[in-house]
Amino acid sequence: MSGSIGILKKELRSYFYSPIAYVILGVFLFIMGVIFAKFVDIYQHFNSVQRFGGGQGITLDKLATYLYQNMAFILCFVTPFLTMKLYAEEKRQHTFELLFTAPLRKFDLVLGKFLAAYSMMVFMVLVSFIYVFFMILWGNPELPIIGTTYLGLLLALACYVSLGGLISAMTSSQAIAAVWTFIALLLLWLLQSLGQGITAKTGFVEWGPLLVFLSPLGHFNSFSEGLIHVKDIVYFLSFTLITLYFTHCVVESNRWR
Amino acid sequence: MIEVKELTKKYGDRTAINQLNFSVARGEILGFLGQNGAGKTTTMKILTGFMPASSGTASIGGYDVFENPLEVKRKIGYLPETPPIYPELLVTEYLSFVADLRGVPKSEKSKKTDKVIELCNLGDVRRRLIGNLSKGFRQRVGLAQALIHDPEVLILDEPTVGLDPKQVNEARNLIKGLRQEKTVIYSTHILSEVAATCDRIIVIDKGNIVAQEALNTMGATGNLIKTEILVRRIGDNLKQRLSAVSGVKGVNIISNGTHRLVVESEAKEEIMAEVSKVVVESQSGLIRMSPVQQALEEYYLSLITGKGGSLS
Ligand SMILES: Nc1ncnc2c1ncn2[C@@H]1O[C@H](COP(=O)(O)OP(=O)(O)OP(=O)(O)O)[C@@H](O)[C@H]1O
Ligand SMILES: [Mg+2]
């Protein structure tokens, strides 16, 4: 455990010393701001239409849900930038020789690196809380829903980060790691719509629903509707843990070569 | 302290090291010599637990490298071939990170960091980014990293590569200063370096050990060594008197301005002592007496080119 804290500290240091963290934070907040402004616009438009007796109104909660769905998607683009260097850079700099010859316990390395990238992501998401703050000032959104949405977001981010780490462990080029992480996360999201169109069946396995289940989108959506299902939590946690375990295996296999 | 038995490593079907057997006693400094691709780095990577061997065993301080990796790793300091540095960190931050990895207790961390900074002459660059340091300084940071937790065993892969002559000297002295206190294995291509620092050397060629001996008998397996003697004048009957020492096989006097004697003899300390006594007694004015390094060099080359170990 003490080993993973050492690694965590060092990784955080590296993040703050490189301009990337700041650039990403800035860009992320900017994009979220633009989306937020757009939604506020839509909200006002719908509500003014409604006031004159036409159409359906839109609630602040719905607005928050959209905002968070967009945030969860945008974070797919952010993740690769934070996870690409985790292992790829160690391989390129020959620093695995330091890490593997230090008396670390079995999962220290993978755990420390995961926690570092994850806490950066969590930090970004927490900063985005300013938008929620505006909403609270301005209307009265249902706070419990916002709470569950944040929970869903944090769980989804754990998946993203672990997947990014796994891909980074498979290459020694940060650029390749970033591109593949992005593609993989996008595919995960698309599984949802892909699955919905599939009706094929092999024995007991219904491929459509299986793909839908594998995509984080549906699981995340139920959080953003204010629902906490055990199956969703289990999905996110097991996804993360299995990916971390694979990462451990891939990192270890580097030593055999 | 270090026991290696039948150690073999294959990369695919290429054998990098083949059934190595050797041991290193506590407090000994072992030089690991060999050409490019001989298998030095491979052996060290296995000893440090970085990678597993294909077969055979290695143990350090009684712990098997493969079965008790944690205990072994606690005892070892390792400087890999490429110094494992993070260019984005300051020297002090990097050393503090390594101290964390090595489980150095918080209370001792700053003291130990200061100590290695001093040992490796890093005082001037302690607050600089490692990425901005020159190659030699990075190498010194790598050396500091290997020493920070005060390990019992040091495994150094070409520690003096990239250092300037003054630093090479200091690094050698540093390593020599560790004699008795620590067990050191270090690899190099430079024979004179081994001669200057090691107790014993192992010569490895294409994955096989071709020579393994204490340094003072090196180059003399059943053969003769040459000693160069500088004197102020050639005393009475010096040549005859030297030739009469038992064990001396030949004496050559080369006088051109300075007086140089090359004595060829069996490699025994008694003979050396006797030879020096004779030179002194003949009132020749002994200036210097040293083994002819050339012999070592020749011997080494003959080992690794496989032309037998004879000296001429
Ligand atoms: N990862 C690897 N995959 C395949 N072969 C390898 C690998 N690493 C080393 N080898 C081979 O193993 C042999 C020994 O290599 P090693 O690096 O141990 O040599 P060395 O004695 O350290 O050489 P140098 O003096 O150049 O550092 C070489 O023939 C090398 O080509
Ligand atoms: Mg080498």
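Residue numbers start from 1 in every chain, and the chains themselves are labelled A, B, ... in the order their sequence lines are given, proteins ahead of strands. Below, all heavy atoms of this structure are taken into account, side chains as well, without hydrogens, waters or symmetry copies.
Ranked by heavy-atom pairs under 4.5 Å with chain A, the first of Glu71(B), Lys73(B), Gln145(B), Lys45(B) is Lys73(B). Put simply, of Glu252(A), Glu89(A), Glu90(A), the one with the most heavy-atom pairs under 4.5 Å next to chain B is Glu90(A). Most heavy-atom pairs under 4.5 Å with chain B, from the set His94(A), Gln93(A), Glu97(A), Lys9(A): that is Glu97(A). Each of Pro69(B), Gly142(B), Pro87(B) has some count of heavy-atom pairs under 4.5 Å with chain A, and the biggest count is that of Pro87(B). Contacts with chain A were tallied for Pro80(B), Gly49(B), Gly12(B), Pro52(B); Pro52(B) has the most, counting heavy-atom pairs under 4.5 Å.
Contact of Leu79(B) with chain A is not made at all, since no heavy-atom distance falls under 4.5 Å. Heavy-atom distances place the side chain of Val98(B), and not its backbone, under 4.5 Å from chain A. Looking at Ile76(B), there are no atoms closer than 4.5 Å to chain A (heavy atoms on both sides), in backbone or side chain.
Between Glu152(B) and Arg26(B) a salt bridge is recorded (basic side-chain N to carboxylate O distance below 4.0 Å).
Under the 6.0 Å distance and 45° angle rule, Lys5(B) does not count as a cation-pi partner of Phe22(B). Relative to the ring axis of Tyr11(B), Arg14(B) does not place its NZ or CZ within 45° and under 6.0 Å from the centre.
With ring centers used as reference points, Phe81(A) lies 6.0 Å or more from Phe77(A).
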> Would Phe236(A) and Phe220(A) satisfy ring pair (Phe, Tyr, Trp, His ring centres under 6.0 Å), going step by step from the backbone distance to the final call?
Replying inline: CA-CA 9 Å; Phe236(A) 283 124; Phe220(A) 175 71; 7.6 Å; no
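For Lys106(B), the NZ atom is loosely surrounded, since the number of other residues' heavy atoms within 6.0 Å does not exceed 12.
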